[in-house]
Amino acid sequence: MDSITEKLLGIVSDRNVISFKGAYNIRENSGCAGRQSSENIKIENKSDNPGIVIKIGSGAQKETVYIPACVTRGGVNDLVYNDFYVEDGADVIIVAGCGVHSDDEEEARHNGIHRFFIGKNARVLYKEKHIGTGNGSGAKRIDPVTDVVMDENSYMEMDTMQISGVTSTNRLTTAKLGAGAKLVIRERLLTDGDETAKSDFSVSLDGEDSGVDLVSRSVAKGNSYQEYHSVIKGNCRCTGHSECDAILADNGRVNAAPELYAGNIDASLIHEAAIGKIAGEQIIKLRTLGLTEEEAEQKIIDGFLK
Amino acid sequence: MLELKNIRWRLPEGEEILKGVNMKIPDGKLTVVTGPNGGGKTSIAKMIAGLYSPTEGEIFLDGTDITEYNITERARQGIAYAFQQPVRFKGLTVRDLIETSAERKLDNEFICGILGDVGLCAREYMNREADASLSGGESKRIEIATVLARKNASMLVFDEPEAGIDLWSFGSLINAFERLKNEGGRSLLIISHQERIMEIADYIIVISGGKVSAEGSREEILPGLLKENSSGEKCPLGRTVPEKEDF
């Protein structure tokens, strides 16, 4: 494992390699740089595609599994398929960050396709941080695909964040919810320079009393461009909320299109979208507390994306 | 001491709001600036905090001319300002704002004390976002708390702190103002129409028509103001300031 991987792991997983405890799988430049299963969480190679199968047993209660992936040089186009099977009643935290690094003119890309099959009454907290680093002119791309199938009364919280430095990202998320299942999505995106980011969510509320709460917050700085599109389909008695808040700075641009489909009279769906620059009064307030204008802007952005 | 010398301020449209304001805010005292709506009270508060720049005149803090100081510089010079209309933030928590104000990380006990002073149950609010999910009264109390947390500020300016505050919380707020006053060392300038706030003032300044129309100790000014309010008639207000008096 090289030093760049170790650095990226520290950022995307909030810890260094030696502090991983329990189950983990570290992916480095399309290969496996370390793996460990635990009593309740088994990690195996996929047989049909590159990637792993993570089987989380019901004995896992508040247990964490780390599956970070790193691309540390240009010329690597990493494609991985990871399947998560979460048994009925399990309670697990999945940390799945990704870092891409390029110091040359070649593109470094990670394309992670994650599928979740969440059993009855199971709970999943899914944490994902993305970052691009390196001084090379080669693009740093991360294009995650996340497909979720949630069984009765299961709960999933997706906490995803793109910190900085990712040249382009195309994020596709789909979810199908069974009866009583709840999905909470918190997405935060920061783009700068000429970066582009596209987020596309499609959530189908298929079971009675299922619900989704989707909030995306983003900051578009420099000449960057972002697109946000969400579709919530209420096919039964259910609740859905979609919110897209974006802060514009410099010449940043954002296109937000939340979409709702109510296919049942008892579907209760809401969407909100707000785009604008930082309110002048917010900067003034923080300046009255002693911050400079630049410090105030940074504080507001940091808080917004926290 | 904070001193305003012949402050004039004109709107870009041309209307003159402040027409030669002269006032001295004594150190370590609680001064209330009051007067009819539209008289220029909030403009004076914003002028002191640096949100407005005077068209003419000078502002001194402890002998230093701060007229050209911007908002940040004035804050760092020791001026704290509580807005009449609180600002909301998506993402920043109550704790974030209070810690920014105090310029350091704070323990729960300290934050509890500050929020308790404004009538909030701290544990419920510390980690809440200071956004539109808060009611107007809650936001107002948090706004005041951010000024109370400014331990390094020597001049605390509150613009109508009573607005939007319920009766019970208002009692806590009065106690907090009295405690600050009795601790000494810091000057309080409160823009207010509230009789209960004027009752704890050391000094009262009446602003009317963009000028100081009267000023004096509470004993000199308040009885006249109350009589005026109850009868609706004009009456002498303490030491009425002559038209061209110069400080």
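Chain identifiers are assigned alphabetically (A, B, ...) following the order of the sequence lines, protein sequences preceding nucleic acid strands; residue numbering begins at 1 within each chain. Hydrogens, waters and symmetry mates play no part in the numbers below; they use all other heavy atoms, side chains included.
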| said: With a 3.5 Å distance limit and no angle check, can you tell me whether B/S101 reaches the backbone of A/L289 through a side-chain donor-acceptor pair? | reply: no

Within 6.0 angstrom of [X] [atom1], more than 12 heavy atoms from elsewhere:
{"X": "B/K29", "atom1": "NZ", "answer": "no"}
{"X": "A/K198", "atom1": "NZ", "answer": "no"}
{"X": "B/E68", "atom1": "CD", "answer": "no"}

To the nearest 0.5 Å, atom NZ of A/K299 lies from atom OG1 of B/T100 at 3.0 Å

NZ (B/K90) and CD1 (A/I247) are apart, to the nearest 0.5 Å, by 9.5 Å

Need one label for [X]: side chain, backbone, both or neither, based on atoms under 4.5 Å from any heavy atom in chain A.
{"X": "B/I71", "answer": "both"}
{"X": "B/Q85", "answer": "neither"}
{"X": "B/F89", "answer": "both"}

Bottom line for A/D302: the part with an atom under 4.5 Å from chain B's heavy atoms is neither

Run the salt-bridge test on A/R217 and B/E129 with the 4.0 Å N-O cut-off and return the result as yes or no. yes

* **Beyond-backbone contact of A/L291 with B/T72, side-chain heavy atoms, under 4.5 angstrom** => no

Ordered numerically, the heavy-atom neighbours of chain B under 4.5 Å found in residues 276-288 of chain A are A/E281, A/Q282, A/I284, A/K285, A/L286, A/R287, A/T288

Ranked by heavy-atom pairs below 4.5 Å to chain A, first place among B/V87, B/I79, B/L97, B/N70 goes to B/V87

If you tally heavy-atom pairs under 4.5 Å between each of B/E73, B/E143, B/E103, B/R74 and chain A, the highest tally belongs to B/E143

Practice prompt. Report the C-alpha distance between A/K306 and B/D96 in whole Å, list the side-chain angles of each, state the deciding distance to 0.1 Å, and finish with yes or no for salt bridge (Lys or Arg N to Asp or Glu O under 4.0 Å).
Written response: CA-CA 11 Å; A/K306 189 165 59 185; B/D96 289 332; 2.6 Å; yes

